[in-house]
Amino acid sequence: MDLNAKKIALRKIPHGVFIVGVKQDGRLNAFTGTWLTQVSFIPPLVVLGLKKDTISYQMVAKDRVFSVNVLGKDQKSVAEHFVKPASVAGEKLQGVAYHLGKTGAPVLDEAIAYFECEVREILAGGDHAAVIGEVVEAGVRQDVDALTLKDTGWQYGG
Ligand SMILES: Cc1cc2nc3c(=O)[nH]c(=O)nc-3n(C[C@H](O)[C@H](O)[C@H](O)COP(=O)(O)O)c2cc1C
């Protein structure tokens, strides 16, 4: 395979930029994620590519819930904040307005929309696991266009 072609072709897949909220026991965390898509209407399922060497992966594997916070076009700075590993940034949710959703995962007050998932399956995958979540709650604050990876000028994929 032509590795450069693989990289360019895979980067053609359009992605949103989300803040994924996680919990484990009493601890909360959130990270910037882009590998997320819907994979079923009934039941409503999404799949999230989740990096295995992160604290967030350990938390999702244990408590098996997550929230997906959708950002607006002008909220790249929020994504910048949550991209830092918790081991470096500490408590990323400190100073950020949020509430606990139905699943107990954090839901950001400034998200334009959100949904919450219960994990149905975790497929080993490779360096990221494929986490299949069933959407059990959702809300919309502002029905406007969402931030995409293309909007940010960042790359994650290839
Ligand atoms: C543009 C961009 C997109 C990202 N998308 C994902 C993703 O879809 N899944 C993932 O697990 N990590 C993704 N990451 C990496 C996480 O944001 C990063 O590993 C984060 O530090 C993990 O946070 P934690 O240490 O708090 O668990 C992405 C990073 C960037 C810069």
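We count ligands from 1, going down the list as the structure has it; atoms in each ligand are counted the same way.
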Novice: Determine, for Lys51 against Asp53, whether the closest basic-nitrogen to carboxylate-oxygen distance falls under 4.0 angstrom.
Specialist: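 Here Lys51 pairs with Asp53 in a salt bridge, since their nearest N and O are under 4.0 Å apart.
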Novice: I'd like to know if the side chain of Gln75 and the backbone of Glu110 have a donor-acceptor N/O pair within less than 3.5 Å.
Specialist: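 Present.
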Novice: Flag the pair Asp151 and Lys73 as a salt bridge only when some basic side-chain nitrogen lies within less than 4.0 angstrom of an acidic carboxylate oxygen.
Specialist: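 Answer for the salt bridge query: yes.
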Novice: For ligand 1, would you mind listing the residues that have at least one heavy atom less than 4.0 Å away, ordered by chain and number?
Specialist: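 Shell around ligand 1 (4.0 Å, heavy atoms): Asn29, Phe31, Thr32, Gly33, Thr34, Trp35, Gly49, Leu50, Lys51, Thr54, Ile55, Ser56, Val83, Lys84, Pro85, Ala86, Lys92, His128, Leu149, Trp154, Tyr156.
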Novice: Would a hydrophobic clustering, with Ile, Leu, Val, Met, Phe, Trp and Tyr connected at side-chain separations under 4.5 Å, put Tyr57 with Val65?
Specialist: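 Result: no, two separate clusters.
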Novice: Before you tell me yes or no, could you show the steps for Glu116 and Ser67 under side chain to side chain donor-acceptor pair (under 3.5 Å), namely the whole-Å CA-CA distance, both residues' side-chain angles and the distance that decides it to 0.1 Å?
Specialist: CA-CA 4 Å; Glu116 292 179 73; Ser67 64; over 6 Å; no
Novice: Are Arg141 and Asp109 within salt-bridge range, i.e. N to O under 4.0 Å?
Specialist: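 No, Arg141 and Asp109 are not salt-bridged.
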